[in-house]
Number of protein chains: 2
Amino acid sequence: MGTDAQLNKGVLEGCVLKLLEDDFLFSAEIVERMRRCGFSDFSEGTLYPMLLRLEKDGCFIVARKPSPNGPPKKYYKLSEAGRQKLDTFFAQWQELSQSIANVFSRKEDDHA
Amino acid sequence: MGTDAQLNKGVLEGCVLKLLEDDFLFSAEIVERMRRCGFSDFSEGTLYPMLLRLEKDGCFIVARKPSPNGPPKKYYKLSEAGRQKLDTFFAQWQELSQSIANVFSRKEDDHA
DNA sequence: ATCAGTTCCTTGCATTGCAAGTAACCAAGG
DNA sequence: CCTTGGTTACTTGCAATGCAAGGAACTGAT
């Protein structure tokens with residue numbers, strides 16, 4: 001399934017934002033949920049750079065909690081800026097879906 | 001709409017393949033149709049490199065026809081390899097849509 | 001002390017979208 | 001002519017993101 005990584009661009013970020021909408025999660029939990037939802041190859045090599053990006057952009061409330069098994073875990077949850085980014089993503093996703101539907105049903109749209 | 005170009009990655013190629021499924025089209029016609037379907041910012045700077053990539057991969061039957069207004073037009077239509085690439089794209093697109101639906105409806109899927 | 005497991009982060013590459021610029025070809029006007 | 005402008009095609013270079021691979025810090029157990 002790693003054949004067309006391009007299709008995932010932007011999408012993975014939107015989905016992680018959604019997962020952090022209401023719950024505080026840390027890395028392993030995010031990976032787990034993404035995989036269960038169908039992103040079966042989702043990996044930490046993708047997640048960590050993404051989390052750092054989004055944190056730098058102020059999208060998160062972050063909480064560090066000590067772990068019995070290693071370094072402290074970083075728990076993430078959306079800030080107001082994060083929620084806004086999520087909304088933007090979802091709107092763009094819907095537009096995109098509609099455009100693709102237009103192409104594949106040979107209808108032209110002219111709404112845009 | 002140029003805000004998140006990442007979301008378009010892979011998608012534009014899939015859509016162009018679809019447009020060339022049955023008809024011979026040349027650049028300006030492809031741009032026109034993409035725009036009408038909702039990809040309103042679709043541009044030649046995106047299209048030409050894409051066409052060359054796909055042509056190199058054997059995805060097209062190409063026909064050059066003289067133009068009264070300039071250099072000969074290149075008309076493109078899918079080859080068998082192109083059709084296969086289109087099918088692959090569509091399958092991946094559907095998987096992706098399902099996964100996103102799972103994330104956004106908070107359902108877990110486990111089918112993948 | 002060493003080892004394995006956990007958690008986090010860094011580095012570097014591949015791909016693609018896209019802006020901007022280049023080049024070839026034609027017709028018509030000065 | 002030869003210049004201008006429109007048409008068609010291509011090139012170059014940059015930005016963003018996914019992801020593999022490797023590394024570093026912390027813990028408890030051997």
Side-chain angles (χ1 to χ4, degrees), chain A residues 1-17 24-32 34-35 39-57 59-60 62-76 85 88-89 92-93 96 99, chain B residues 1-17 24-32 34-35 39-57 59-60 62-76 85 89 92 96 99:
Chain A
M1 224 194 258
T3 31
D4 197 349
Q6 300 307 313
L7 258 193
N8 286 338
K9 299 233 174 201
V11 166
L12 299 180
E13 182 177 292
C15 287
V16 168
L17 287 171
F24 273 99
L25 301 179
F26 84 103
S27 59
E29 292 170 333
I30 297 171
V31 169
E32 175 72 11
M34 286 291 282
R35 289 188 176 156
F39 296 101
S40 49
D41 291 339
F42 188 74
S43 80
E44 305 192 344
T46 299
L47 182 62
Y48 279 112
M50 190 177 102
L51 289 175
L52 292 174
R53 264 191 336 253
L54 292 170
E55 184 180 1
K56 207 175 82 179
D57 289 353
C59 293
F60 293 139
V62 181
R64 278 169 211 267
K65 289 201 182 180
S67 160
N69 307 323
K73 300 177 181 177
K74 273 176 86 174
Y75 285 83
Y76 299 88
K85 193 165 182 107
T88 300
F89 164 76
Q92 287 178 336
W93 168 253
L96 183 66
S99 296
Chain B
M1 225 197 257
T3 30
D4 196 350
Q6 301 306 313
L7 259 193
N8 286 337
K9 299 233 172 199
V11 166
L12 298 180
E13 182 177 292
C15 287
V16 167
L17 286 171
F24 273 98
L25 301 179
F26 83 104
S27 58
E29 292 170 333
I30 298 172
V31 170
E32 175 73 11
M34 287 291 283
R35 289 188 176 155
F39 297 100
S40 49
D41 291 340
F42 188 74
S43 80
E44 304 192 345
T46 298
L47 182 61
Y48 279 112
M50 190 175 101
L51 290 175
L52 291 174
R53 266 191 331 253
L54 293 169
E55 184 181 0
K56 208 175 79 179
D57 290 352
C59 293
F60 294 139
V62 180
R64 277 167 212 268
K65 290 200 180 183
S67 160
N69 306 324
K73 298 176 182 176
K74 275 177 85 173
Y75 285 83
Y76 299 88
K85 194 165 181 106
F89 164 76
Q92 287 178 336
L96 183 66
S99 297

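Quantities reported herein were computed from a predicted structural model and do not represent experimental measurements. Letters A, B, ... mirror the listed sequences (proteins, then strands); counts begin at 1.
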Just so I know, are the side chains of Leu54(B) and Tyr76(B) near enough to count as touching, which here means a heavy-atom distance under 4.5 Å?
no

From the set [options], return the single nucleotide nearest to any side-chain atom of [X].
X	options	value
Ser27(A)	dG17(C), dC8(C), dA9(D)	dC8(C)
Ala5(A)	dT7(C), dG17(C), dC19(D)	dC19(D)
Phe26(B)	dT8(D), dT6(C), dG18(D)	dT8(D)
Ser67(B)	dC18(C), dG18(D), dT8(D)	dT8(D)
Met50(A)	dT6(C), dT8(D), dG18(D)	dG18(D)
Pro71(B)	dC26(D), dG17(C), dA24(C)	dA24(C)

Using only side-chain N and O atoms of Asn8(B), determine if any of them is under 4.0 Å from OP1 or OP2 of dA16(D).
no

Phosphate OP1/OP2 of dC19(D): any Thr46(A) side-chain N/O under 4.0 Å:
yes

Using whole Å, what does the distance between atom [atom2] of nucleotide [N] and atom [atom1] of [X] come to?
X	N	atom1	atom2	value
Phe39(B)	dC18(C)	CZ	C1'	15 Å
Arg35(B)	dC18(C)	CZ	C1'	12 Å
Lys73(B)	dC26(C)	NZ	P	14 Å
Lys56(B)	dT11(D)	NZ	C1'	14 Å
Asp41(A)	dA21(D)	CG	P	13 Å
Leu7(B)	dC18(C)	CG	C1'	15 Å
Phe42(A)	dG18(D)	CZ	P	8 Å
Glu29(B)	dA9(D)	CD	C1'	15 Å

Would you give the length of the straight line joining atom [atom1] of [X] to atom [atom2] of [Y], rounded to the nearest 0.5 angstrom?
X	Y	atom1	atom2	value
Glu44(A)	Ser27(A)	CD	OG	5.5 Å
Phe26(B)	Glu32(B)	CZ	CD	10.0 Å
Phe89(B)	Glu13(B)	CZ	CD	9.0 Å
Leu25(A)	Leu51(A)	CG	CG	10.5 Å
Asn8(B)	Phe42(B)	CG	CZ	9.5 Å
Met34(A)	Ser43(A)	CE	OG	10.5 Å

Please list, for nucleotides 28-30 of chain C, all pairs of protein and nucleotide N/O atoms separated by less than 3.5 Å.
none

Minimum heavy-atom separation for [X] and [Y], please, with both atom names.
X	Y	value
Leu96(A)	Leu7(B)	CD2-O, 3.6 Å
Glu29(B)	Phe24(B)	OE1-O, 4.1 Å
Met50(A)	Leu12(A)	CE-O, 4.0 Å

Using a heavy-atom cut-off of 4.0 Å across all strands, would you classify Ser43(A) as base, sugar-phosphate, or nothing?
sugar-phosphate

Identify each atom pair where a protein N or O and an N or O of nucleotides 9-15 of chain C are less than 3.5 Å apart, giving names and distance.
residue, atom, partner, partner atom, Å
dC9(C), OP1, Lys74(A), NZ, 3.1
dT15(C), O4', Gln6(A), NE2, 3.4

